[in-house]
Amino acid sequence: MPELPEVETIARGVDARVRGDRIAEAWFSSHKQPFKTAALTQARGLAGRTIVSVHRTGKHIVCELGEAGTNETTAQWIVHLGMTGRLLVTTPDGPVAAHTHARVSLASGREIRFVDARRFGRLEFRELKKMEGFSAAGSEPMTIGTAEFAELFRGRKLAIKAALLNQQLLSGVGNIYADEGLFQASIMPRRRAGKLTREELERLRLALRTVLTHAIQLGGSSVSDYVDADGVKGFFQLEHCVYQRTGLPCRRCGTRIKRILVAGRGTHYCPKCQG
DNA sequence: CATTTCACCTGGTGGC
DNA sequence: TGCCACCAGGTGAAAT
């Protein structure tokens, strides 16, 4: 599943290839599901605009769009990959994959494609006018400080794993990195968020930062069908300590990794290291 | 308000 | 070999 490291990898790849390019025209599929903004509105909004830059906020890829000749952002195209979404930069003559929902052709001859079998992804177009730009609801796990991090969980009764997945609190952490971060911090996923000690919270904050940074360096985790903007897989799945390692020996102590359900999500942990 | 559950989707898997 | 029930999980709406 695309989470912060995967989305960051894709955003960087797309930015490197299309920054400064001009959108010639855009085509969208006729499904209703992946479109937060009506397809026609998006097609009209994108056409003719310049791509100022592409970056990540939480799990969202934000394309800053402007007018020819200026660097000012006048609109944004926001892509959320959901579970199976892919954002690819290709040539227009390549075969069109099944479940392609958007094709954005550029003046350079390149084409941006959004492919999403499950259609859990979201495509949104925003005119900025006097409105402020898009910002994710939760805090950025890569840069959040000690006090602010602790404050997110104070008094909360839900499981820490569930709290980490809540994008209103932290944005960018999904099932993989919640499990990996909790393992790295030696915290049992079912612990009540509000009951964690100051030391445990700080361990968790640093563990998340470490795991996410390492994952970005390796181009993300390719489980299910994640690939970057060039269609290339990441390598962080090879470094996973617990995620999808049910029954395998813990890399730290050899105990078999267990899988339980927390907040309706498959959750992997080491009963000894995180006991 | 906080928290939990469910619907949205399709491809892959395992059982028969 | 083929069929089908079931599972995966990000998110937002509905329920508790």
Side-chain angles (χ1 to χ4, degrees), chain A residues 1-11 28-37 39 56-62 78-87 96-102 114-124 134-141 151-182 189-196 208 212 215 220-227 233-234 236-237 240 242-247 257-269:
Chain A
M1 319 56 257
E3 304 177 25
L4 188 152
E6 291 76 34
V7 177
E8 177 72 32
T9 301
I10 293 168
F28 295 89
S29 77
S30 55
H31 287 96
K32 51 232 108 149
Q33 177 80 325
F35 302 109
K36 199 163 173 180
T37 308
R56 176 196 66 79
T57 299
K59 293 178 192 172
H60 300 264
I61 298 166
V62 181
I78 300 154
V79 178
H80 191 293
L81 301 170
M83 297 260 324
T84 52
R86 296 179 173 195
L87 194 65
V96 178
H99 309 292
T100 297
H101 296 290
F114 176 72
V115 182
D116 185 8
R118 299 276 285 281
R119 275 184 264 149
F120 280 8
R122 289 290 181 271
L123 298 180
E124 179 181 3
F134 174 85
S135 66
S139 304
E140 271 292 328
E151 187 62 26
L152 294 179
F153 307 108
R154 196 164 65 90
R156 294 192 180 270
K157 291 181 177 171
L158 78 175
I160 184 62
K161 164 77 183 272
L164 290 176
L165 294 179
N166 184 345
Q167 302 298 297
Q168 305 299 115
L169 300 177
L170 271 187
S171 58
V173 177
N175 214 32
I176 298 172
Y177 299 100
D179 282 4
E180 293 298 321
L182 287 167
R190 280 213 171 112
R191 291 276 305 284
R192 303 261 183 178
K195 293 273 180 82
L196 295 184
L208 284 171
L212 293 170
S221 301
S222 284
V223 298
S224 78
D225 55 1
Y226 160 76
V227 290
K233 291 185 177 191
F236 192 70
Q237 69 279 7
H240 289 176
V242 288
Y243 184 78
Q244 285 193 348
R245 297 195 71 242
T246 310
I257 300 302
K258 282 188 106 175
R259 182 183 188 276
I260 57 176
L261 224 52
V262 178
R265 295 287 173 264
T267 297
H268 315 74
Y269 73 105

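The figures that follow rest on heavy atoms only: side chains count, while hydrogens, waters and symmetry mates do not. Model, not experiment: these values are computed from the prediction. Lettering follows sequence order; numbering is per chain, from 1.
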A:Gln167 side chain near C:dT11 phosphate (N/O to OP1/OP2, under 4.0 Å): yes
What's the verdict on side chain to side chain contact (heavy atoms under 4.5 Å, CB included) for A:Arg191 and A:Leu196, showing C-alpha distance, side-chain angles and the deciding distance? CA-CA 7 Å; A:Arg191 291 276 305 284; A:Leu196 295 184; 3.4 Å; yes
Measure CE/A:Met83 against P/C:dG12 and give the value in whole Å, please. 15 Å
What heavy-atom pair brings A:His80 and A:His60 nearest, and what distance separates the two atoms? CD2-CE1, 3.5 Å
For A:Tyr243, report the nucleic acid contact type (base, sugar-phosphate, nothing); a contact means any heavy atom under 4.0 Å. sugar-phosphate
To the nearest Å, how far apart are A:Leu169 CG and C:dT11 C1'? 14 Å
Output, in order, the C-alpha distance, side-chain angles, deciding distance and verdict of side chain to side chain contact (heavy atoms under 4.5 Å, CB included) for A:Asp116 and A:Thr100. CA-CA 6 Å; A:Asp116 185 8; A:Thr100 297; over 6 Å; no
Determine the Euclidean distance between corresponding P atoms of B:dC9 and C:dA14; express it in Å to zero decimal places. 15 Å
Pick base, sugar-phosphate or nothing for A:Arg156, based on heavy-atom distances below 4.0 Å to the nucleic acid. sugar-phosphate
Taking the side chain as every heavy atom from C-beta outward, state whether A:Tyr243 and A:Arg259 have any atom pair closer than 4.5 Å. no
Identify which nucleotide among B:dC9, B:dT3, C:dT11 has an atom closest to any side-chain atom of A:Arg119, counting heavy atoms from C-beta outward. B:dC9
Could you state the atom-to-atom distance from CZ of A:Phe35 to P of C:dT11 in whole Å? 18 Å
Any base atoms under 4.0 Å from A:Gly121, or only sugar-phosphate, or nothing? Heavy atoms, all strands. nothing
Of the listed nucleotides (B:dT3, C:dG10, B:dG11), which one gets closest to any side-chain atom of A:His99? B:dG11
Would you mind reading off the distance between A:Asp179 atom CG and C:dA8 atom P, rounded to a whole angstrom? 12 Å
Once you round it to whole Å, what is the distance between C1' of C:dG10 and CG of A:Leu4? 14 Å
Is any side-chain N or O of A:Arg265 under 3.5 Å from a base N or O of C:dT11, one able to act as donor and the other as acceptor? yes
Select one nucleotide: of C:dG10, B:dT4, B:dC9, the one nearest the side-chain heavy atoms of A:Arg118. B:dC9
Would you say C:dT11 has OP1 or OP2 under 4.0 Å from some side-chain N or O of A:Lys59? yes
Can you tell whether the side chains of A:Asp179 and A:Lys161 come within less than 4.0 Å, N to carboxylate O? yes
Atom NE2 of A:His80 and atom C1' of B:dC8: how far apart are they, to the nearest Å? 14 Å
If the cut-off is 4.0 Å, is A:Arg259 near the phosphate of C:dA8, judged by side-chain N/O to OP1 or OP2? yes
Toward the 5' end of DNA chain B, by each residue's nearest nucleotide, A:His31 or A:Ala162: A:Ala162
Spacing of A:Lys157 atom NZ relative to B:dC1 atom C1', expressed in whole Å: 12 Å
Under 4.0 Å between a side-chain nitrogen and a carboxylate oxygen: does that hold for A:Arg56 and A:Glu140? yes
Rounded to the nearest Å, what distance is computed from the NE2 atom of residue A:His268 to the C1' atom of nucleotide C:dC7? 12 Å
Taking only side-chain N and O atoms of A:Gln33, does any of them lie within less than 4.0 angstrom of OP1 or OP2 on B:dC8? no
